[in-house]
Amino acid sequence: MANNLSHKSFKDFEDIPEMDIFQRAKAHEEYLDYLKVSGYMNYRLLVTSGCGPEVTLEEFGTIRKGSYVSFVCNDYLGFTQHPEIKKAAMAGIEKYGTGAGASPLIGGYFEYHQALEDKLSAFFKRPKGSAIVYTTGYTSNSASLQCLLKKDDIAIVDMAVHASVYEGIQGTTVKRFLHNNLEALERILINVRDKYRTKMVIVDGVYSQDGDMAPLKNILDVTHQYGGVLLVDDAHGIGVIGETGRGAMEYFKVMNQVDIITGTFSKTFSNVGGYVIADPQLIAYLQFQSRQYAFSAAATPAISAVSRAIDLVDEEPFWQKKLWENIDYYRSGLTSLGLDIGTTSSAIIPVKIGDIEKNCEAGKLLLECGIYTNPIMYPAVSLKDARIRMSLMATHTKEHLDKALNAFDYINKKLNIALSI
Ligand code: PMP
C-alpha cells in the first residue's frame with residue numbers, strides 16, 4: 001500500500017470516480033495513515049505554544065513532543081506576540097465584547113471597523129472610503145472578484161496567484177499567463193482587446209511559494225496600455241518589502257496607480273481578516289453587493305489590534321530592518337551550502353528539492369533535527385518542483401538560523417539535495 005500511496009497527493013482525493021463521500025473519505029484516511037506512519041505528516045500538527053520562531057509541538061506519529069525552531073509562521077515582524085498589539089486586542093474586547101453579532105449591513109458595522117478602514121486608507125495613501133474589511137484574506141480575493149467579474153468580463157491571471165483568486169474568478173472568463181512573463185501577458189491583452197467589458201489583470205506582489213516579486217511597474221504599464229485594470233494581492237509584501245513596508249507596490253513606486261489592492265491581516269498584521277483598497281465608489285459597491293460581506297458576520301472587536309499593528313509598521317521600523325538582516329544571513333547561509341533557493345526576494349525562502357519523496361524525507365529529517373518547516377508539493381506547486389518552504393521572522397535569532405543551516409548541511413549530506421555544480 002505504501003508504495004501505491006507514495007505517488008499520491010491530496011489532490012488525488014478531491015474527487016474519485018464511482019466513490020461516494022464515505023468511500024472517498026475512507027480512501028483519504030488511508031493516505032493520511034500512510035503519511036503518519038512514514039513520518040511525512042507535517043500537516044495540521046498540534047502546536048501548544050503561541051505563534052513564533054520557536055514553537056512546542058505535541059507528539060504525533062513519528063514526531064516527538066517538544067520545542068522546535070519554526071519557519072512556518074507568516075508573522076513576519078513577530079507582531080503576534082507584540083505587547084502593544086495584544087493590549088489593543090484586549091482593549092477592543094473589553095470595550096465592545098467578543099463578537100460583532102451580525103453582518104456589517106444589518107447591525108454588525110462598529111466604530112472599530114470604521115477606524116480600521118480609515119487606518120488602511122491612510123496606510124495606502126488613499127482618500128477616506130478606499131478600504132473594505134473582510135473576515136479573511138481569502139475572501140478579500142474570492143468575494144471581491146466574484147462580485148466584480150461576470151461572464152462578459154475577463155480575468156487575466158499569473159499562473160502562480162493564490163487559490164483564493166481562482167475561487168473568485170469561477171464565474172468569469174479566465175486566461176492564465178506564464179509566471180511573470182510580460183510578453184505572454186501582452187499577447188493576451190492584445191488578443192482580448194475590445195472583446196470584454198472589464199479586463200482585469202491579477203498578480204501577487206510577492207508570490208507565496210517562490211517568494212519572488214512581480215515586475216509591477218512593467219505589468220502596470222502594459223495593463224493600462226491595453227485598457228486593463230490591475231489587481232495586486234500583496235499579502236506577503238506588506239511589512240516586508242519597500243522602504244516603509246508598503247510592499248512591492250512601494251518598491252516599484254506604483255502604489256497610487258494600482259487600481260485594486262488586496263491583502264490580509266494574517267501575516268504582518270498578525271491577526272485574521274483581510275482588505276480591499278480601491279476607488280471609494282468601487283468599495284461602496286463591494287459593501288452592498290459582495291455576498292460574503294452582506295451575508296456573513298463582521299470581524300470581531302479583537303481586530304482593533306490590526307489598527308495598532310498598522311501604526312507599529314511605521315513607528316517601529318527596526319522590525320523590518322531586523323527581518324532583512326535575518327533574510328540576508330539565512331539566504332547566504334543556504335546558498336553557501338549549494339542549495340537552490342530560486343529567485344526569492346522576500347521573507348519566503350524555498351529550498352528547492354524537486355523530487356516529491358526526497359522532499360518528504362527532507363521535511364521528516366528537519367523535524368528530527370528540531371526544525372519545523374513546510375514541505376510543499378503538487379498541487380501547490382508543479383509536480384517536479386517540490387520544495388521546503390520557510391518563512392522568516394524578525395524575531396528569529398542567529399542561533400535559530402544557525403541551527404537550521406546545520407540541519408540543512410546534515411540533510412544535504414544524507415539526501416544530496418544541493419545543486420550540482
Ligand atoms: N493571498 C495570498 C497570496 C496568500 O498567500 C494567502 C494565504 N496564505 C491569502 C491570500 C489568504 O489569506 P488568509 O490566509 O489571511 O485568508
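Predicted, not measured: the structure shown is a model, and the values here were computed from it. Read the numbers this way: they start at 1 and go in the same order the structure lists the ligands and their atoms.
For Tyr207 and His179, the ring centers sit closer than 6.0 Å to each other. A distance below 6.0 Å separates the ring centres of Phe124 and Tyr275.
Ranking protein heavy atoms by distance to atom 6 (C) of ligand 1, first place goes to His162 NE2, 3.3 Å. Here the protein heavy atom with the shortest distance to atom 8 (N) of ligand 1 is Lys267 NZ, 2.6 Å. Counting protein heavy atoms only, atom 1 (N) of ligand 1 is closest to Asp233 OD2, 2.6 Å. Closest to atom 5 (O) of ligand 1 among all protein heavy atoms lies His236 NE2, 2.7 Å. Atom 11 (C) of ligand 1 has its closest protein heavy atom at Tyr138 N, 3.5 Å. In terms of protein heavy-atom proximity, atom 14 (O) of ligand 1 is nearest to Ser266 OG, 3.6 Å.
Within ligand 1, the atoms closer than 4.0 Å to a non-hydrogen atom of Gly137 are 11 (C), 12 (O), 13 (P), 15 (O), 16 (O), numbered from 1 in the order shown. Close contacts of ligand 1 with Thr264, meaning ligand atoms under 4.0 Å from a residue heavy atom, involve 12 (O), 13 (P), 15 (O). The ligand atoms of ligand 1 that sit less than 4.0 angstrom from a heavy atom of Asp204 are 3 (C). Residue contact check: Ala235 has heavy atoms under 4.0 Å from atoms 1 (N), 2 (C), 3 (C) of ligand 1.
Side-chain N or O atoms of Lys321 include none that pairs as donor or acceptor with a backbone N or O of Pro317 at under 3.5 Å.
Put simply, the residue from His162, Lys267, Met213 that forms a side chain to side chain contact (heavy atoms under 4.5 Å, CB included) with His236 is Lys267.
Looking at Tyr40 and Glu361, their side chains do bring a donor and an acceptor atom within 3.5 Å of each other.
The two residues Asp259 and Gly228 come nearest to each other via the heavy atoms OD2-O, 4.5 Å.
Side-chain atoms of Leu405 and Tyr329, non-hydrogen and from C-beta on, do get closer than 4.5 Å to each other.
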